[in-house]
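I have placed the structure first, in the form of structure tokens, so that the comments after it can refer back to it.
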Amino acid sequence: MRKKIKNNVDWVGKIDWELREFHGSDFSVNRGSSQNAYLIREEKTVLVDTVWAPHAREFIDNLKQEIDLKDIDYIVTNHGEIDHSGALPLLMAEIPGTPIYCTANAVKSLVGQYHHPEWNFKTVKTGDTLDLGNGKQLIFVEMRMLHWPDSMAAYMTGDNILFSNDAFGQHYAVEELFNDCCDPCELWYEAMKYYANILNPFSPLVTKKIEEVVALNLPIDIIATSHGVIWRDNPLQIVQKYAQWADAYQEDQVTIVYDTMWDSTRVIAHEIAGYINKFSPDTKVRVYNLSNTDKNDIMTEVFRSRAIAVGSPTVTNSILSSVSGWLAFLKELKFKNKKAAVFGSYGWSGEGNKELRARLAEAGFEVVEPEVRANWKPTREELLPSEAVARALAQG
Ligand code: FEO
């Protein structure tokens with residue numbers, strides 16, 4: 001299925017309504033996704049990226065309805081990850097020898113995954129160009145660590161299209177394809193979720209890369225991502241949003257995250273939540289139980305928060321494995337400039353809060369002093385510090 005992007009550029013990807021998980025189970029995909037690939041037909045014919053391996057046959061069959069594969073002059077692989085390169089083995093079996101333009105690191109990732117060192121790789125770096133004919137060119141821009149060392153983008157002169165690959169994308173299936181045609185609430189939520197859960201650790205590099213691209217002063221009419229919508233209505237709005245998100249982003253929100261064995265830690269969570277607006281009436285307050293809430297959605301709420309509280313009962317001298325696993329993920333995401341508090345119940349030894357403090361400090365949070373710690377079922381007296389916790393999170 002082909003969709004026109006602009007002039008001689010068509011979308012030839014896969015809208016993947018069935019997808020529900022990405023990166024194993026590391027990223028929940030609740031609205032489906034897409035693997036966007038593009039076909040440029042100027043004097044030269046260029047395929048930009050492909051699709052995930054399970055869709056390879058369908059992708060190539062669709063492509064054959066558009067062109068004779070032998071007419072493809074060049075393939076551009078902006079990123080070696082399998083969701084974009086997965087159709088290459090089948091494609092290269094049909095058109096061996098077709099040049100594949102990619103970074104030196106992408107040669108490593110592609111050879112490592114597909115074991116075809118004989119493919120005709122043409123390595124490129126920032127500023128290198130590929131002539132398309134009709135007065136148009138592709139200019140390559142390395143996007144190292146956004147989000148793999150092999151990532152790059154390609155800018156098409158004349159039509160002013162930036163093929164940005166993962167950057168500015170979303171796991172969001174939209175037949176409408178363009179940002180001005182879809183539900184903006186869904187779009188912005190999915191764009192933020194993608195940034196928070198995948199790109200946030202690389203925020204300093206996002207800032208530098210945006211400065212570098214802006215300095216090139218290239219007119220950008222369309223940002224053609226590799227997942228989700230294509231930005232054609234004010235495309236720079238997502239670039240501006242990335243600049244904000246990369247700058248230790250926060251909104252006026254406090255998020256409380258916990259798991260509970262027999263409800264005691266849950267009681268503390270809601271006690272703390274109930275005090276936040278006493279000290280900061282306009283602050284948004286969110287409370288999530290890790291055992292029944294999507295972990296990536298919770299991470300998105302943490303991303304937009306200026307403070308969080310994390311609770312767990314003490315279990316075998318430590319914390320619940322659900323909380324422990326979530327904290328490991330939290331540390332990976334390298335959030336900056338956020339406060340945290342701890343709380344939890346215990347029956348016997350009670351080391352849970354100490355463990356939570358250590359783990360949150362390791363994850364880069366400023367852990368405040370007040371905490372709530374309750375033996376067995378919390379008494380009114382044990383719940384009293386909830387107010388001090390709420391004050392510490394709500395203020396400043
Ligand atoms: Fe969409 Fe990093 O692959």
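Along the sequence shown, residues are numbered consecutively beginning with 1. Side chains are part of it too, since the values below use all heavy atoms of this structure and drop only hydrogens, waters and symmetry mates. For ligands, and for the atoms within them, numbers begin at 1 and follow the listed sequence.
Across Gly228 and Asn36, no two heavy atoms sit closer than the pair O-ND2, 3.0 Å.
Annotation: Lys6, atom NZ; neighbour count of heavy atoms from other residues, nucleotides and ligands within 6.0 Å is above 12. The environment of CD in Gln244 is crowded: more than 12 heavy-atom neighbours from other residues, nucleotides or ligands sit within 6.0 Å.
Electrostatic pairing of Glu212 and Lys208 does not count as a salt bridge here, judged by no charged N lying under 4.0 Å from a carboxylate O. Salt bridge Asp252/Lys284: absent, no basic N to carboxylate O contact under 4.0 Å.
Between Trp245 and Tyr242, the angle of the ring planes lies from 30° to 60°, which puts this pair in the tilted group.
Each protein N/O/S atom under 2.8 Å from atom 2 (Fe) of ligand 1 was counted, for a total of 4.
For His227, the N, O or S atom with the smallest separation from atom 1 (Fe) of ligand 1 is NE2.
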